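Here is the structure we will look at.
For clarity, every value in this text was computed on a predicted model and none was experimentally measured. Worth knowing before you read on, the calculation uses all heavy atoms, side chains too, and leaves out hydrogens, waters and symmetry mates. So you know, we letter chains A, B, ... as the sequences are listed, proteins then strands, and number each from 1.
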Number of protein chains: 2
Amino acid sequence: MRRIKMEDVARKVGVSAMTVSRALKHDGVVSAATRRRILQVVEELGYVPDQIAGSLSSQRSGFVAVLAPSLNNPPLAESVHALAESLEEVGLQILIGYTNYETKREERLLTELLQRRPEAIVVVSDGHSPRSRRLMREAGIPVVQIWDRPARPIDNVVGFSNEDVGSNIVRFLAERGYRRLAYLGETNDEGTRGARRRLGFVREVERLNLGPVRVHDQAPPPITMLQARAALPRMLQRWPDIDAIVCVSDPCAFGVLSEAQAMGVGVPSQLAIVGFGDFEISRCCSPPLTTVAIDSGRIGHETGQLLKDMLGRSPVAMSKRVSRRVAIDAILTPRGTTRS
Amino acid sequence: MRRIKMEDVARKVGVSAMTVSRALKHDGVVSAATRRRILQVVEELGYVPDQIAGSLSSQRSGFVAVLAPSLNNPPLAESVHALAESLEEVGLQILIGYTNYETKREERLLTELLQRRPEAIVVVSDGHSPRSRRLMREAGIPVVQIWDRPARPIDNVVGFSNEDVGSNIVRFLAERGYRRLAYLGETNDEGTRGARRRLGFVREVERLNLGPVRVHDQAPPPITMLQARAALPRMLQRWPDIDAIVCVSDPCAFGVLSEAQAMGVGVPSQLAIVGFGDFEISRCCSPPLTTVAIDSGRIGHETGQLLKDMLGRSPVAMSKRVSRRVAIDAILTPRGTTRS
DNA sequence: CCGATTGATGTTATCGATAACATAGCTTGA
DNA sequence: TCAAGCTATGTTATCGATAACATCAATCGG
């Protein structure tokens, strides 16, 4: 039993395949009566259009490629979800590649995804190899880096400066009288967003002359709650006098908080803890975590809107196109793990 | 500047396009020397094969469609991630659709995804409309339902019985002397997995004669930690004498735990709490949550393996193919929120 | 009342790769 | 020594839709 194709529908209705094609896209100029008959026959025969053939012919894949380290991170997952919903309105689908924070993998995924002829690339802005950057730049399609605001963007950006986030947290703590700060993050040499927050931390500690830079890299990203728990005793051993720990993420901060409570270290009386991401847990735990809130849904929506604008209009030559930057707020949100 | 195609490469090397095609797939029989020259020219010209054309010709899309409520749920995200990694080995990519727990959306997504001619469908086994079931059955490709073990499966299954999970928790609590149990879950009439755990709960409470059935449906899925916090006082007001709450998920259970601690309700002395999913939080909080551990990575891997088996072999007629069931363990894991 | 315009539909060529078959040169073994 | 088989490559047809152009009838305005 051969698969039904457009021509089968056309024959049964008594029109040409082209008319069926037009009836199935909403833009086609087909008489109401004809369209009705066509849709009915489509239903009867259970016809499913072959978008692969359609894409080849129209030279539009209907895909947007998304590169993310993983979607095990709820805020990231939410951005992608929101992006998918936004793009759905114009019939674009998402093709996800998981980089696992490895630039080598990102390269490989990129070459694979590009074979699908995506109409745009959205990439969570962790480190990119020169080759990846070249691939993206030469792909001839819009690129959007999200969740950071890189100094030398490839094309469009929807995000905030992770480095500034790191610095701002230090200033925030300094203003509240904390003096001996430490950073708990991930081992990584490939330029993740966490690494840039760490950089901001280090720079600001140095700028404010807050003494030695204390950075503890516990494990490769993402740091789990339990890894963070394990880190606290080691950090206290290395630097017994620290009065604040800046964590790479909320789960990490929650791990530190749990361990501190287990060890009888008072939070925030003896130790301040700051997280990042405004994960659900940060509002719900006790005391609630001081953190940095990012509107992850908005990142997805803005990215979707930006792409719809760029892909919708008449084909503007890439060379003439203007890259856009959408600033997303990163709001330092004092809660219970820092004193006022 | 036209995009480079296979024939451009072929011309430059001085062979036919077919030889280039063969050189680019590892299976082709091409002399080592020719292949080397071809790969070099491919690199020089920056040729990127067009998989859309390839798929149309070979009638193999290289896609597996995945339908999930959302990936904001880390265990689900992990299953999908593991599935993607498993399928990557054979060059299959994943096409995700987010149903948001709405069967109507699932239907729509299904019709859209089927136009991409996926080679298989993986679906998180929440409720499916009759139309969805028909679409899947008639698609002529393997279907895998995951994260549950439905009574009337569509085709293959990789999962565990959510209903049994609900029942087992009740028995577990009853054995430990708990008598007045309540269930905290989601408002839903479309047959989610959570609803089936609730069903198992209800059946077992009735079977064991544990008195009135206490079910509190707080909000549409997924229940957030804060919604769960808000639920506890209401539940205690409705049923002041309950001694255990079975929660639809770990985040939900964590919310209840937090609120109980805030209200001064002793856990597990006055109130037992059971979660589901073995989320990271359940190990890290204090006391750690009694929960049901699911090996979500394994679900992804097993699904990948199953699909590789089915898609790899010579084309077996769908009618002759045997549906498979892979059982995944759901391990009730006693921790600190229930007494022994 | 007729040329111009509009609306609905048909025809043909094409998108870029690959399946299937064809071929030419080379080896091999009885 | 030659038929049979093998290796490496070429040729042709095809996958299923859609863009672009063509056509034909109905409508309309002066």
Side-chain angles (χ1 to χ4, degrees), chain A residues 2-39 41-42 45-63 91 112 114-119 140 314-315, chain B residues 2-39 41-42 45-63 91 112 114-119 140 314-315:
Chain A
R2 217 184 71 274
R3 189 166 243 156
I4 313 270
K5 59 167 113 167
M6 197 172 263
E7 213 185 305
D8 301 321
V9 177
R11 196 171 314 114
K12 182 146 184 194
V13 177
V15 295
S16 73
M18 201 58 226
T19 301
V20 176
S21 173
R22 285 191 271 249
L24 292 179
K25 345 217 99 196
H26 311 297
D27 58 307
V29 274
V30 180
S31 75
T34 310
R35 158 171 293 139
R36 198 162 33 243
R37 275 187 303 144
I38 289 175
L39 293 181
V41 171
V42 162
L45 297 182
Y47 168 65
V48 178
D50 186 329
Q51 195 165 171
I52 292 177
S55 294
L56 178 60
S57 177
S58 66
Q59 299 290 77
R60 302 191 64 243
S61 66
F63 281 130
E112 277 168 23
L114 284 176
Q115 303 192 1
R116 302 283 189 180
R117 294 285 182 268
E119 302 183 26
S314 55
Chain B
R2 219 183 71 274
R3 188 165 244 153
I4 312 272
K5 58 168 113 166
M6 195 173 265
E7 213 186 305
D8 302 321
V9 176
R11 195 169 320 112
K12 181 148 184 193
V13 177
V15 295
S16 72
M18 200 58 225
T19 301
V20 176
S21 172
R22 284 190 272 247
L24 292 178
K25 341 219 104 198
H26 309 295
D27 57 308
V29 274
V30 180
S31 75
T34 309
R35 157 171 292 138
R36 197 161 34 243
R37 274 186 304 145
I38 289 175
L39 293 182
V41 171
V42 162
L45 297 182
Y47 168 64
V48 178
D50 185 330
Q51 194 164 170
I52 293 177
S55 294
L56 178 60
S57 177
S58 66
Q59 298 290 76
R60 303 191 62 242
S61 66
F63 281 130
E112 278 168 22
L114 285 176
Q115 304 192 2
R116 302 283 188 180
R117 295 287 183 268
E119 302 183 27
S314 54

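Using a 4.0 Å cutoff to heavy atoms of chain A, the contacted part of DNA chain D runs 5' to 3' from D/dG16 to D/dA20.
Where A/Ser58 and B/Ser57 each meet DNA chain D at their nearest nucleotide, the meeting point lying more 5' is that of B/Ser57. Each of B/Thr34 and B/Gln59 lies near DNA chain D, and the nucleotide nearest B/Thr34 is the one positioned closer to the 5' end.
In this view, A/Ser21 and A/Met6, A/Met18 satisfy the side chain to side chain contact (heavy atoms under 4.5 Å, CB included) rule, not counting sequence neighbours. Residues forming a side chain to side chain donor-acceptor pair (under 3.5 Å) with A/Ser61 (at least two apart in sequence, or on another chain): none. Not counting sequence neighbours, the partners of B/Phe63 by the ring pair (Phe, Tyr, Trp, His ring centres under 6.0 Å) test are A/Phe63. Remark: A/Glu7 pairs with A/Arg11 by the side chain to side chain donor-acceptor pair (under 3.5 Å) rule, at least two apart or across chains. Applying the side chain to side chain donor-acceptor pair (under 3.5 Å) test to A/Ser58 and every residue at least two apart in sequence or in another chain returns nothing. For B/Thr34, the side chain to side chain donor-acceptor pair (under 3.5 Å) partners at least two apart in sequence or on another chain are B/Ser31. Every residue meeting the salt bridge (Lys or Arg N to Asp or Glu O under 4.0 Å) condition with B/Lys12, not counting sequence neighbours, appears here in chain and number order: B/Glu44.
With values rounded to the nearest 0.5 angstrom, A/Arg3 atom CZ is found 12.0 Å from A/Asp8 atom CG.
The two residues A/Tyr47 and A/Leu24 make their nearest non-hydrogen contact at CE2-CD1, 3.8 Å.
A donor-acceptor contact shorter than 3.5 Å links the side chain of A/Ser55 to the backbone of A/Gln51.
Counting only Watson-Crick or G-U wobble pairs whose defining distances are both under 3.5 Å, the stems of 3 or more consecutive pairs in DNA chain D are C:1-30 with D:1-30.
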_The test is side-chain contact (heavy atoms from CB on, under 4.5 Å); show your working for B/Val9 and B/Leu45 and say whether it passes._
CA-CA 8 Å; B/Val9 176; B/Leu45 297 182; 4.2 Å; yes
*asked:* Using side-chain contact (heavy atoms from CB on, under 4.5 Å), reason through B/Val13 and B/Val20 one step at a time and then give a plain yes or no.
replied: CA-CA 9 Å; B/Val13 177; B/Val20 176; 5.6 Å; no
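Remark: A/Met18 in residues 7-18 of chain A come within less than 4.0 Å of DNA chain D through at least one heavy atom.
For residues 47-63 of chain A, every residue pair satisfying the salt bridge (charged side-chain N to carboxylate O under 4.0 Å, His left out) rule, not counting sequence neighbours, is listed here: A/Asp50-B/Arg117, A/Arg60-A/Glu119.
Counting non-hydrogen atoms under 4.0 angstrom, A/Ser55 reaches nothing in the nucleic acid.
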Nucleotide N/O of nucleotides 21-28 of chain C paired with protein N/O under 3.5 Å:
none

